[in-house]
Amino acid sequence: MSARVANPIIRKIEDTQDALDFFESVTLPAEDEKTQDIIMNFPTVYIHNWQESGDFEVYVGETNDIFRRTREHYGAASDKKAWQSKLAEKDASLFIIGHEHFNKSLTLDIENRLMHYLMSIDRVKHVHNGRGNPQSSYYPMEELDVIFRSIWRGLRRENKELFPTESSIKDSAIYKASPLHKLTKEQENARDLIIQKVKRALEKNETKQLIFIEGEAGTGKTVLNSSTFYELYCRAEEDKKELDCHLLVNHDEQITVYEQIAEKLGLTEKYGKVVSKPTSFINNHTEENPVDIAFVDEAHLLLTQGKQSYKGQNQLQDIIERSRVTVVMFDENQILTTEQFWEAQILEQYREQAKASDNYMVLEKQLRMQADSETMDWIDSFTKDGELKKIPASSSGYSIRVFESPEQLDKEIKKRAGETDSALSRVIATYDWEYSSNNKPEARLMKYWEVLIGKWHKPWNRELESELSKKEKRAIKGLAWAEQPQTIDEVGSTFTIQGFDLNYAGVILGPSVKYRNGKIIFDPSASHNSKAVRNRTLSDGTKKKFGEMLIQHEVRVLMTRGVNGMYIYACDPELQAELIKASK
């Protein structure tokens with residue numbers, strides 16, 4: 001704590017009228033007069049909290065008069081909102097937070113961050129006033145981080161269950177996808193554009209409008225998506241207007257995260273099922289009765305041919321036909337299977353459709369990886385151009401390291417995962433070893449589907465879950481793959497890690513990634529990803545393979561997961577030798 005920034009004042013009382021009256025009227029010793037003055041006469045932030053079936057519910061607010069505002073919450077029974085009525089029924093408590101530097105803008109930012117943190121905590125099932133109001137510029141904005149960290153430490157001293165460590169919160173998938181993030185200027189501009197275009201389309205009763213947002217991995221598409229989706233619902237409530245808005249994503253892990261966010265912010269309770277997979281949405285809606293808005297995250301994962309329960313030919317087109325406005329977040333470099341492959345001319349038609357209405361935007365600022373431009377250029381050269389450049393020295397908090405064996409890489413990732421600020425570190429690999437979610441391997445050969453390199457072996461993702469007790473399974477329910485403790489002993493794939501962050505990514509490049517004649521080669525014959533290497537029937541009826549391109553995309557997804565660094569081991573001897581040479 002800087003010497004010039006005072007400690008915050010945190011007081012916990014029973015959440016009752018009598019406790020508040022006593023707190024206001026009690027005469028404090030002379031040395032506490034300043035504390036009393038700050039609580040009574042400065043802006044404050046407050047947290048109502050109570051437990052419901054073992055989990056917490058909270059309401060976070062800020063006010064210029066904590067006593068008047070709290071009495072409003074206690075108000076007449078007929079005027080109470082549902083959450084306020086629970087205060088009398090539950091063993092509720094109230095945290096009152098003050099600081100000598102609090103002003104309106106600073107308390108709004110503290111309130112927003114508290115809501116963001118609390119919504120990201122597994123034990124908190126509902127944040128009742130989830131809409132944030134982050135501020136852009138004010139004095140003393142530069143003190144926000146210092147003051148907030150001190151507040152959080154003080155709250156942790158009061159209740160470690162409700163207020164866990166900051167690092168555990170920031171590692172959670174819900175935190176990273178939360179609509180309560182403070183947006184960058186680029187994201188704000190994109191959100192304003194979307195809201196403006198949606199408003200116009202709804203007012204003019206337009207249909208089949210497409211808004212197309214492109215951005216590579218780590219450019220903030222998911223946060224933009226969730227923030228705009230939630231903001232539109234908040235504005236509709238303020239204007240007392242009905243809104244039929246849906247959020248779609250074709251990814252099992254990400255759908256769970258969005259469902260949890262919708263639950264915690266009360267959207268599911270108020271509006272029903274607002275989050276779903278594209279096939280479910282398409283099967284349950286019609287062109288004759290379109291929804292107002294469909295947001296599609298990871299739109300590059302949409303199917304462009306029929307598959308099992310999806311009987312159509314193009315999920316994006318089917319969504320557009322069932323929505324007045326469709327907003328897509330797209331990254332062509334993350335298409336991983338033939339079912340998702342876009343023919344260039346068809347994809348360009350959608351881009352041009354959006355551009356014709358000035359509904360096209362590209363996100364360029366890298367937000368995930370704490371890497372400088374030289375490091376990003378190295379990854380781009382490897383994954384896009386097949387060129388292996390000299391590995392840049394560690395800088396900007398990001399490092400690339402090459403290991404001489406999978407054992408060494410695994411050991412270093414486990415070491416990182418044991419550290420508080422890098423617990424979300426995992427080993428991930430190209431899909432170059434056999435795996436089946438429907439069948440188990442022959443017991444005489446192996447217990448699990450595994451990644452096997454020499455004497456080193458480790459189960460693929462989702463293999464160890466079957467070994468957990470019922471209690472352990474309940475504890476990991478709803479957690480993303482990398483957040484589950486047993487996954488430190490597994491190897492992740494693009495199917496579990498796409499769309500998510502790691503602190504450090506231990507990337508194993510399997511036999512499908514080679515080095516020949518001065519170039520990196522992507523070899524489909526060495527891959528076990530049948531969805532990437534099989535034929536694709538094109539619109540003209542011809543069949544073609546796209547395995548090299550799709551494996552190239554797979555490697556890019558893996559190499560862009562780490563926030564703080566990437567550790568690499570390559571199975572191909574020539575590639576491994578060149579990587580070691582490039583690291584010196």
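Here, residue 1 is the first one in the sequence, and each next residue gets the next number.
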Sidechain N-carboxylate O distance under 4.0 Å for [X], [Y]:
{"X": "R426", "Y": "E483", "result": "no"}
{"X": "R516", "Y": "D572", "result": "yes"}
{"X": "R123", "Y": "E161", "result": "yes"}
{"X": "E186", "Y": "R191", "result": "no"}
{"X": "K458", "Y": "E407", "result": "no"}
{"X": "K514", "Y": "E574", "result": "no"}
{"X": "D297", "Y": "K221", "result": "no"}
{"X": "D385", "Y": "K519", "result": "no"}
{"X": "E412", "Y": "R401", "result": "yes"}

Tell me whether K390 at atom NZ has more than 12 heavy atoms from other residues, nucleotides or ligands lying less than 6.0 Å away.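 Atom NZ in K390 is packed in, count exceeds 12.
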Please tell me whether [X] and [Y] have a donor and an acceptor in their side chains that are separated by less than 3.5 angstrom.
{"X": "N225", "Y": "T222", "result": "no"}
{"X": "E166", "Y": "Y117", "result": "yes"}
{"X": "D432", "Y": "S512", "result": "yes"}
{"X": "D523", "Y": "S525", "result": "yes"}
{"X": "N461", "Y": "T496", "result": "yes"}
{"X": "Q370", "Y": "N564", "result": "yes"}

About how many Å separate CD1 of I261 and OH of Y175, when rounded to the nearest 0.5 Å?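 Interatomic distance, Y175 OH to I261 CD1, rounded to 0.5 Å: 12.5 Å.
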Between CD of Q366 and OG of S373, what distance do you get to the nearest 0.5 Å? 12.0 Å
What heavy-atom pair brings V58 and L162 nearest, and what distance separates the two atoms?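 Heavy atoms of V58 and L162 come nearest at CG1-CD1, 4.1 Å.
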If every non-hydrogen atom of I319 is compared with every non-hydrogen atom of P278, which pair is closest and at what distance?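 I319 and P278 have their closest heavy atoms at CD1-CB, 4.2 Å.
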Apply ring-ring contact (aromatic ring centres under 6.0 Å, His included) to F403 and Y569, showing your working. CA-CA 6 Å; F403 287 80; Y569 172 79; 9.3 Å; no
Taking the six-membered ring of Y504 as reference, does the cationic atom of R416 (NZ for Lys, CZ for Arg) lie under 6.0 Å from its centre and within 45° of its axis? yes
Examine R156 relative to F163 and say whether NZ or CZ is less than 6.0 Å from the centre of the six-membered ring and inside a 45° cone about the ring axis. no
Side chain to side chain, S227 and L183, heavy atoms closer than 4.5 Å: yes
Exactly one of R536, E339, Q340, Q313 should register a side chain to side chain donor-acceptor pair (under 3.5 Å) with T304. Which one does? R536
Name the residue from Q498, R556, H553, E554 that meets the side chain to side chain donor-acceptor pair (under 3.5 Å) definition with Q334. Q498
